[in-house]
Amino acid sequence: MNKKLIITVDGPAGAGKSTVSKILSERLDYIYINTGAMYRVVALESKRRNVDPGDETGLAQICSGLDISFGRKDGNLRVFSHGEDVTEEINTPEMSLRASRVSAQRVVRNAMAELQRNMGRGGGVILEGRDAGTVIFPQAHVKFYLDAALEERGKRRYKEIAARNQKVELDQVIQETEKRDFDDSHRALAPLRMAEDAVLVDSSELTVEEVIAMMIQIIHTRYPSLLNN
Ligand code: DC
């Protein structure tokens, strides 16, 4: 039987982590865990319940009653909170910034870390986020750090948002991406950084397929029995 690896994909916003993690998980027949979506659900619940992103007590209450799940509808990945499909609602620029704020709180990080370790400990998973390879699974078998130039990342985010018919300006998306990266990499707890043993992949000038091919090559070199092609 194939070894069930833990693979982590970290990096800043808009580097293409979700796109490549999803495709890679399909090729390997692995479970894809989008940890950013989990922070986004906490952000959404905090908005719905009028809890300030800095209110630790209110956030603790939210975290103790979370029910986050992932599923598929018509081949697309969906995120559920208490069984309700919240995929559209959590993927707005407002929720991006709010997720970044709640993710700096210890009570939220501890709750997410426990959930993520439980989901991933059996292996056969691709865990995507900011601290997957540094804090959640420092013992992961293969770690990737996906990066790209700020302008390029901003443009990708802009296209994703515009495709959902949400109104935004490119300049504003680039500014917000820059702010979020700064905040995510300068917070006290589990800041975004590349693990020492991670493989850096710069996707600025690469297509999605080229990035996937590089990642598969690296996995294949280290674990030849895992892939047949
Ligand atoms: O990956 P994303 O853009 O959906 O993440 C939203 C925010 O959640 C991000 O700005 C910071 C936070 N986050 C985090 O702190 N740790 C993670 N592992 C994933 C996301």
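Side chains are part of it too, since the values below use all heavy atoms of this structure and drop only hydrogens, waters and symmetry mates. The model shown is predicted, which means the values in this text are computed figures rather than measured ones.
- Residues Val135 and Ala190 share a closest heavy-atom pair of CG2-CB, 3.9 Å.
- Partners of Asp10 under the side chain to side chain donor-acceptor pair (under 3.5 Å) rule, at least two apart in sequence or in another chain, do not exist in this structure.
- In this structure, Ile126 and Val9 have side chains that are in contact, with non-hydrogen atoms separated by less than 4.5 Å.
- Grouping the Ile, Leu, Val, Met, Phe, Trp and Tyr side chains by contacts below 4.5 angstrom, directly or via other members, places Ile136 apart from Tyr145.
- Qualifying side chain to side chain donor-acceptor pair (under 3.5 Å) partners for Glu89, counting only residues two or more places apart in sequence or in other chains: Arg48.
- Note on Val86: it does not cluster hydrophobically with Ile161, by side-chain heavy-atom contacts below 4.5 Å among ILVMFWY residues.
- Grouping Ile, Leu, Val, Met, Phe, Trp and Tyr by side-chain contacts under 4.5 Å, direct or through others, puts Leu77 with Tyr32.
- Hydrophobic cluster membership is shared by Leu115 and Ile31, with clusters built from Ile, Leu, Val, Met, Phe, Trp and Tyr side chains linked at under 4.5 angstrom.
- Side-chain polar atoms of Arg40 and Thr92 form no donor-acceptor pair below 3.5 angstrom.
- The ring pair (Phe, Tyr, Trp, His ring centres under 6.0 Å) analysis of residues 160-196, with sequence neighbours excluded, yields the pairs Phe182-His186.
- A continuous path of hydrophobic side-chain contacts links Val51 to Ile90 [ILVMFWY only; heavy atoms under 4.5 Å].
- Taking each heavy atom of Ala195 and Gly133 in turn, the nearest pair found is CB-O, 4.0 Å.
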### Task
Carefully, step by step, assess Lys143 and Glu128 under the rule salt bridge (Lys or Arg N to Asp or Glu O under 4.0 Å).
CA-CA 10 Å; Lys143 301 179 188 179; Glu128 176 237 319; over 6 Å; no
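- The number of heavy atoms from other shown groups lying within 6.0 Å of CD (Glu178) does not exceed 12.
- Here the straight-line distance linking atom CE of Met38 with atom OG of Ser81 works out to 11.0 Å at 0.5 Å rounding.
- Nearest heavy atoms, Ala37 versus Val79: CB-CG2, 4.0 Å.
- Checked by atom type, the side-chain pair Ser96/Glu176 shows no donor-acceptor distance below 3.5 Å.
- Between Glu94 and Lys47 there is a salt bridge, with a side-chain nitrogen of the basic residue lying less than 4.0 Å from a carboxylate oxygen of the acidic one.
- A salt bridge between Arg109 and Glu56 is absent, with no side-chain N of the basic residue lying under 4.0 Å from a carboxylate O of the acidic one.
- To the nearest 0.5 Å, atoms CD (Gln172) and CD1 (Ile174) are separated by 11.0 Å.
- Heavy atoms only, all atoms of each residue included: Asp55 and Thr57 are closest at OD1-N, 3.1 Å.
- In summary, the side chains of Asp183 and Ser100 do not present any donor paired with an acceptor at a separation below 3.5 Å, with no hydrogens or angles considered.
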### Task
Take Glu209 and Arg27 through the salt bridge (Lys or Arg N to Asp or Glu O under 4.0 Å) test and state the conclusion after the steps.
CA-CA 12 Å; Glu209 266 314 314; Arg27 304 247 171 113; 2.9 Å; yes
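- Atom CD in Glu152 sits 11.5 Å away from atom OG1 in Thr177 (nearest 0.5 Å).
- Sorted by first and then second residue, the ring pair (Phe, Tyr, Trp, His ring centres under 6.0 Å) pairs with a member in residues 33-88 form an empty list; sequence neighbours excluded.
- In this structure the side chain of Pro12 reaches within 4.5 angstrom of the side chain of Leu192, judged on heavy atoms.
- Between Val211 and the options Leu146, Ile23, Leu24, Thr19, a side-chain contact (heavy atoms from CB on, under 4.5 Å) holds for only Leu146.
- Under the side-chain contact (heavy atoms from CB on, under 4.5 Å) criterion, Leu5 pairs with Lys3, Ile7, Tyr30, His141, Val142, Ile219, Tyr223, Leu226, not counting sequence neighbours.
- In this structure, the separation between CD on Glu160 and CD on Gln166 is 10.5 Å, given to the nearest 0.5 Å.
- Of the inter-residue distances, the one linking Met214 atom CE with Asp202 atom CG reads 9.0 Å to the nearest 0.5 angstrom.
- No continuous path of hydrophobic side-chain contacts links Ile6 to Val199 [ILVMFWY only; heavy atoms under 4.5 Å].
- Side-chain contact between Ser21 and Asn34: absent, with no pair of heavy atoms (C-beta onward) separated by less than 4.5 Å.
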### Query
Step by step, would you call Ile33 with Thr35 a side chain to side chain contact (heavy atoms under 4.5 Å, CB included)?
CA-CA 6 Å; Ile33 303 171; Thr35 65; 4.2 Å; yes
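- A donor atom on one side chain and an acceptor atom on the other are found under 3.5 Å apart for Arg187 and Ser103.
- A donor and an acceptor atom, one from each side chain of Arg98 and Ser46, are located under 3.5 Å apart.
- A donor-acceptor pair under 3.5 Å is formed between the side chain of Arg156 and the backbone N or O of Ala15.
- Side-chain atoms of Asp147 and Arg153, non-hydrogen and from C-beta on, do get closer than 4.5 Å to each other.
- Ser203 has its side chain out of reach of Lys17: every pair of non-hydrogen atoms, C-beta onward, lies at least 4.5 Å apart.
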